[in-house]
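Only one structure is covered here, and it is reproduced in the block below.
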Amino acid sequence: MMIEMKEVSKWYGTVQVLNNCSTNIKKGEVVVVCGPSGSGKSTLIKVINALEPFQKGEIYVDGQAVHDPKTDLPKLRSRVGMVFQNFELFPHLSVTENLTLAQIKVLGRSQDEAKTHGLKYLDRVGLMLHKDKFPGQLSGGQQQRVAIARALSMDPIAMLFDEPTSALDPEMVGEVLDCMMGLATDGMTMMVVTHEMGFAKKVGSRVIFMDVGGKILEDCSKDEFFMHPENRQARTKDFLNKIL
Ligand code: ADP
Ligand code: MG
(Lines give C-alpha, C1' and ligand atoms only; values in the text may rest on other atoms or scores of the structure.)
(Ligands and ions follow the chains in the order given, each with its own letter.)
Protein backbone atom coordinates (compact mmCIF):
# COMPACT_ATOMS: atom_id res chain seq x y z
CA MET A 1 0.00 0.00 0.00
CA MET A 2 1.49 3.34 -1.00
CA ILE A 3 -1.07 5.72 0.49
CA GLU A 4 -3.52 4.82 3.25
CA MET A 5 -6.15 7.23 4.57
CA LYS A 6 -8.23 6.18 7.52
CA GLU A 7 -11.27 8.18 8.59
CA VAL A 8 -9.64 11.53 7.96
CA SER A 9 -11.55 14.67 8.93
CA LYS A 10 -10.46 18.26 8.63
CA TRP A 11 -12.04 21.54 9.61
CA TYR A 12 -11.21 25.15 8.77
CA GLY A 13 -12.48 26.77 11.94
CA THR A 14 -15.97 25.37 12.27
CA VAL A 15 -16.32 24.43 8.61
CA GLN A 16 -15.74 20.76 7.92
CA VAL A 17 -13.90 20.27 4.64
CA LEU A 18 -13.02 16.56 4.88
CA ASN A 19 -15.59 14.24 6.38
CA ASN A 20 -14.37 10.83 7.46
CA CYS A 21 -12.42 10.13 4.27
CA SER A 22 -10.90 6.69 3.85
CA THR A 23 -9.13 5.26 0.83
CA ASN A 24 -6.11 3.15 -0.04
CA ILE A 25 -3.84 3.55 -3.04
CA LYS A 26 -1.67 0.65 -4.04
CA LYS A 27 1.69 0.93 -5.72
CA GLY A 28 1.21 1.66 -9.41
CA GLU A 29 -2.45 2.65 -9.12
CA VAL A 30 -3.73 5.79 -10.83
CA VAL A 31 -6.61 7.24 -8.86
CA VAL A 32 -8.66 10.01 -10.42
CA VAL A 33 -10.46 12.35 -8.03
CA CYS A 34 -13.39 14.36 -9.32
CA GLY A 35 -16.31 16.27 -7.86
CA PRO A 36 -17.81 19.75 -7.65
CA SER A 37 -15.85 22.85 -6.77
CA GLY A 38 -15.40 23.24 -3.02
CA SER A 39 -15.89 19.54 -2.28
CA GLY A 40 -12.41 19.21 -0.78
CA LYS A 41 -10.44 17.65 -3.64
CA SER A 42 -7.44 19.94 -3.22
CA THR A 43 -7.55 19.49 0.52
CA LEU A 44 -7.65 15.70 0.14
CA ILE A 45 -4.43 15.90 -1.90
CA LYS A 46 -2.75 18.38 0.42
CA VAL A 47 -3.25 16.44 3.63
CA ILE A 48 -1.43 13.46 2.11
CA ASN A 49 1.90 15.20 2.18
CA ALA A 50 1.02 17.38 5.15
CA LEU A 51 0.76 20.63 3.23
CA GLU A 52 -2.40 20.98 5.33
CA PRO A 53 -2.87 19.58 8.82
CA PHE A 54 -5.91 17.45 9.66
CA GLN A 55 -7.61 16.98 13.00
CA LYS A 56 -8.88 13.42 12.91
CA GLY A 57 -7.83 10.14 11.38
CA GLU A 58 -4.64 8.62 10.06
CA ILE A 59 -2.61 8.87 6.89
CA TYR A 60 0.31 6.63 5.97
CA VAL A 61 2.58 7.23 2.99
CA ASP A 62 4.68 4.19 2.21
CA GLY A 63 4.08 3.11 5.80
CA GLN A 64 5.13 6.45 7.32
CA ALA A 65 2.56 8.11 9.58
CA VAL A 66 1.86 11.64 8.33
CA HIS A 67 -0.10 12.41 11.51
CA ASP A 68 2.77 11.40 13.80
CA PRO A 69 4.59 14.49 15.15
CA LYS A 70 7.80 12.46 15.12
CA THR A 71 7.69 12.00 11.34
CA ASP A 72 10.19 14.05 9.37
CA LEU A 73 7.68 15.94 7.22
CA PRO A 74 10.14 17.75 4.92
CA LYS A 75 11.66 14.39 4.09
CA LEU A 76 8.28 12.82 3.51
CA ARG A 77 7.24 15.73 1.27
CA SER A 78 10.39 15.35 -0.77
CA ARG A 79 9.27 11.82 -1.62
CA VAL A 80 5.80 12.79 -2.84
CA GLY A 81 5.74 14.87 -6.02
CA MET A 82 3.11 17.56 -6.37
CA VAL A 83 1.94 19.31 -9.49
CA PHE A 84 -0.46 22.23 -9.15
CA GLN A 85 -2.87 24.00 -11.45
CA ASN A 86 -0.64 27.06 -11.77
CA PHE A 87 2.71 25.29 -12.28
CA GLU A 88 4.39 27.24 -9.46
CA LEU A 89 7.77 27.38 -11.13
CA PHE A 90 10.23 29.97 -9.84
CA PRO A 91 9.93 32.76 -12.44
CA HIS A 92 13.39 34.22 -11.78
CA LEU A 93 15.16 30.87 -12.27
CA SER A 94 15.95 29.15 -15.56
CA VAL A 95 14.32 25.83 -16.38
CA THR A 96 17.50 24.01 -15.38
CA GLU A 97 17.70 25.90 -12.08
CA ASN A 98 14.05 25.10 -11.41
CA LEU A 99 14.87 21.43 -11.94
CA THR A 100 17.92 21.36 -9.72
CA LEU A 101 17.12 23.64 -6.77
CA ALA A 102 15.23 21.20 -4.55
CA GLN A 103 17.49 18.31 -5.50
CA ILE A 104 20.46 20.30 -4.20
CA LYS A 105 18.76 21.92 -1.18
CA VAL A 106 16.60 19.05 0.01
CA LEU A 107 18.33 15.89 -1.24
CA GLY A 108 21.88 17.26 -0.94
CA ARG A 109 22.84 16.34 -4.49
CA SER A 110 25.77 18.07 -6.13
CA GLN A 111 25.11 20.65 -8.84
CA ASP A 112 26.35 18.27 -11.55
CA GLU A 113 24.41 15.31 -10.28
CA ALA A 114 21.23 17.39 -9.97
CA LYS A 115 21.66 18.78 -13.46
CA THR A 116 22.23 15.39 -15.09
CA HIS A 117 19.25 13.99 -13.28
CA GLY A 118 16.98 16.98 -13.97
CA LEU A 119 17.83 17.12 -17.66
CA LYS A 120 17.08 13.43 -18.01
CA TYR A 121 13.50 14.16 -16.98
CA LEU A 122 13.37 17.35 -19.04
CA ASP A 123 14.27 15.24 -22.04
CA ARG A 124 11.59 12.78 -21.12
CA VAL A 125 8.91 15.49 -21.20
CA GLY A 126 10.33 16.61 -24.55
CA LEU A 127 11.72 20.00 -23.54
CA MET A 128 15.49 19.62 -23.67
CA LEU A 129 15.75 22.51 -26.14
CA HIS A 130 14.31 24.85 -23.53
CA LYS A 131 16.68 24.10 -20.67
CA ASP A 132 18.15 27.60 -20.51
CA LYS A 133 14.89 29.52 -20.87
CA PHE A 134 12.90 31.14 -18.10
CA PRO A 135 9.35 30.01 -17.30
CA GLY A 136 7.90 33.23 -18.75
CA GLN A 137 9.34 32.31 -22.15
CA LEU A 138 7.42 29.02 -22.24
CA SER A 139 3.79 28.25 -23.02
CA GLY A 140 1.52 27.09 -20.20
CA GLY A 141 1.69 23.50 -21.42
CA GLN A 142 5.48 23.62 -21.51
CA GLN A 143 5.63 25.14 -18.03
CA GLN A 144 3.45 22.39 -16.68
CA ARG A 145 5.68 19.76 -18.28
CA VAL A 146 8.69 21.42 -16.63
CA ALA A 147 6.81 21.25 -13.31
CA ILE A 148 6.26 17.53 -13.88
CA ALA A 149 9.94 17.01 -14.74
CA ARG A 150 10.90 18.96 -11.62
CA ALA A 151 8.75 16.73 -9.44
CA LEU A 152 10.15 13.59 -11.09
CA SER A 153 13.73 14.78 -10.52
CA MET A 154 13.16 14.17 -6.81
CA ASP A 155 12.59 10.45 -7.50
CA PRO A 156 9.15 10.47 -5.87
CA ILE A 157 7.42 7.31 -4.73
CA ALA A 158 4.08 8.83 -5.75
CA MET A 159 2.82 11.86 -7.65
CA LEU A 160 -0.14 14.04 -6.70
CA PHE A 161 -1.72 16.27 -9.33
CA ASP A 162 -4.21 19.02 -8.53
CA GLU A 163 -6.11 19.99 -11.70
CA PRO A 164 -2.91 20.05 -13.76
CA THR A 165 -4.64 21.04 -17.00
CA SER A 166 -7.39 23.37 -15.86
CA ALA A 167 -5.35 26.58 -16.24
CA LEU A 168 -4.23 25.65 -19.75
CA ASP A 169 -5.51 26.80 -23.11
CA PRO A 170 -7.39 23.88 -24.68
CA GLU A 171 -4.73 23.22 -27.31
CA MET A 172 -2.15 22.56 -24.59
CA VAL A 173 -4.14 20.13 -22.49
CA GLY A 174 -3.21 17.15 -24.67
CA GLU A 175 0.56 17.49 -24.32
CA VAL A 176 0.32 17.54 -20.53
CA LEU A 177 -2.11 14.62 -20.41
CA ASP A 178 0.15 12.64 -22.78
CA CYS A 179 3.04 13.24 -20.44
CA MET A 180 0.96 12.06 -17.46
CA MET A 181 -0.27 9.00 -19.35
CA GLY A 182 3.34 8.07 -20.03
CA LEU A 183 4.04 8.21 -16.33
CA ALA A 184 1.00 6.12 -15.54
CA THR A 185 2.01 3.51 -18.11
CA ASP A 186 5.47 3.35 -16.55
CA GLY A 187 3.88 2.35 -13.26
CA MET A 188 3.99 5.56 -11.24
CA THR A 189 1.55 5.69 -8.33
CA MET A 190 -0.63 8.70 -9.01
CA MET A 191 -3.52 10.59 -7.50
CA VAL A 192 -4.95 13.05 -9.98
CA VAL A 193 -7.64 15.64 -9.36
CA THR A 194 -9.06 16.23 -12.80
CA HIS A 195 -12.26 16.43 -14.77
CA GLU A 196 -10.55 14.99 -17.83
CA MET A 197 -12.59 11.82 -17.98
CA GLY A 198 -10.73 10.70 -21.10
CA PHE A 199 -7.61 10.46 -18.96
CA ALA A 200 -9.52 8.51 -16.31
CA LYS A 201 -10.85 6.09 -18.93
CA LYS A 202 -7.47 5.53 -20.55
CA VAL A 203 -5.12 5.12 -17.60
CA GLY A 204 -7.18 5.35 -14.43
CA SER A 205 -7.35 2.41 -12.05
CA ARG A 206 -10.01 3.91 -9.83
CA VAL A 207 -12.24 6.94 -9.60
CA ILE A 208 -13.09 8.80 -6.41
CA PHE A 209 -16.03 11.16 -6.45
CA MET A 210 -16.16 13.79 -3.72
CA ASP A 211 -19.26 15.70 -2.77
CA VAL A 212 -19.71 18.99 -0.97
CA GLY A 213 -18.93 18.74 2.70
CA GLY A 214 -15.73 16.80 1.98
CA LYS A 215 -17.25 13.35 1.69
CA ILE A 216 -15.95 10.58 -0.53
CA LEU A 217 -19.24 9.58 -2.12
CA GLU A 218 -17.83 6.94 -4.47
CA ASP A 219 -14.57 5.08 -4.68
CA CYS A 220 -14.68 2.38 -7.32
CA SER A 221 -12.79 0.80 -10.16
CA LYS A 222 -12.63 2.66 -13.44
CA ASP A 223 -14.63 -0.06 -15.17
CA GLU A 224 -17.36 0.03 -12.56
CA PHE A 225 -17.44 3.83 -12.69
CA PHE A 226 -17.82 4.14 -16.45
CA MET A 227 -19.45 0.88 -17.48
CA HIS A 228 -22.20 0.84 -14.90
CA PRO A 229 -23.43 4.41 -14.66
CA GLU A 230 -26.76 3.04 -13.40
CA ASN A 231 -25.01 2.13 -10.15
CA ARG A 232 -23.73 5.65 -9.52
CA GLN A 233 -25.23 7.84 -6.88
CA ALA A 234 -27.61 10.54 -8.06
CA ARG A 235 -25.13 13.29 -7.17
CA THR A 236 -22.42 11.65 -9.24
CA LYS A 237 -24.72 11.22 -12.24
CA ASP A 238 -25.72 14.87 -12.01
CA PHE A 239 -22.11 15.94 -11.94
CA LEU A 240 -21.06 13.70 -14.82
CA ASN A 241 -23.98 14.96 -16.91
CA LYS A 242 -22.70 18.49 -16.43
CA ILE A 243 -19.08 17.85 -17.35
CA LEU A 244 -19.36 15.20 -20.08
P1 ADP B 1 -11.94 21.75 -4.22
O2 ADP B 1 -10.50 21.55 -4.53
O3 ADP B 1 -12.77 20.52 -4.37
O4 ADP B 1 -12.55 22.89 -4.99
P5 ADP B 1 -10.94 22.69 -1.68
O6 ADP B 1 -10.25 21.54 -1.07
O7 ADP B 1 -10.11 23.72 -2.31
O8 ADP B 1 -12.06 22.15 -2.69
O9 ADP B 1 -11.83 23.40 -0.59
C10 ADP B 1 -12.76 22.71 0.23
C11 ADP B 1 -13.45 23.70 1.13
O12 ADP B 1 -12.51 24.26 2.04
C13 ADP B 1 -14.08 24.87 0.39
O14 ADP B 1 -15.31 25.14 1.01
C15 ADP B 1 -13.11 25.99 0.61
O16 ADP B 1 -13.78 27.23 0.61
C17 ADP B 1 -12.53 25.68 1.97
N18 ADP B 1 -11.14 26.14 2.11
C19 ADP B 1 -10.09 25.81 1.34
N20 ADP B 1 -8.95 26.37 1.77
C21 ADP B 1 -9.30 27.11 2.86
C22 ADP B 1 -8.57 27.94 3.78
N23 ADP B 1 -7.25 28.11 3.66
N24 ADP B 1 -9.26 28.51 4.78
C25 ADP B 1 -10.59 28.35 4.91
N26 ADP B 1 -11.33 27.57 4.10
C27 ADP B 1 -10.70 26.96 3.09
MG1 MG C 1 -9.24 22.43 -5.90
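For ligands, and for the atoms within them, numbers begin at 1 and follow the listed sequence. Please read these numbers as outputs of a predicted model, since none were measured by experiment. Atoms considered below: every heavy atom in the structure, side chains included; atoms not considered: hydrogens, waters and symmetry mates. Here, residue 1 is the first one in the sequence, and each next residue gets the next number.
Between Glu196 and Lys201, no side-chain nitrogen of the basic residue sits less than 4.0 Å from a carboxylate oxygen of the acidic one, so the salt-bridge criterion is not met.
Annotation: Lys56, atom NZ; neighbour count of heavy atoms from other residues, nucleotides and ligands within 6.0 Å is above 12.
Just one of Met210, Lys46, Met191 meets the side-chain contact (heavy atoms from CB on, under 4.5 Å) condition when paired with Lys41; it is Met210. Residue Val80 is tested with Ile45, Ile3, Asn49 for a side-chain contact (heavy atoms from CB on, under 4.5 Å); the sole match is Asn49.
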Without placing hydrogens or testing angles, list every side-chain donor-acceptor pair under 3.5 Å for residues 81-91, not counting sequence neighbours.
none

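For ligand 1, the 4.0 Å heavy-atom shell contains residues Tyr12, Val17, Pro36, Ser37, Gly38, Ser39, Gly40, Lys41, Ser42, Thr43.
For Tyr121, the ring-ring contact (aromatic ring centres under 6.0 Å, His included) criterion is met by His117, not counting sequence neighbours.
Inside a sphere of radius 2.8 Å centred on the Mg ion (ligand 2), the protein N/O/S atoms present are Ser42 OG.
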Q: Might you work through the salt bridge (Lys or Arg N to Asp or Glu O under 4.0 Å) test for Glu224 and Arg232, ending with a clear yes or no?
A: CA-CA 9 Å; Glu224 168 63 26; Arg232 305 282 64 77; 3.3 Å; yes
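Between Ser42 atom OG and Leu160 atom CG the span is 11.5 Å, to the nearest 0.5 Å. One distance of note links CD of Gln111 with OG1 of Thr100; it measures 5.5 Å at 0.5 Å rounding.
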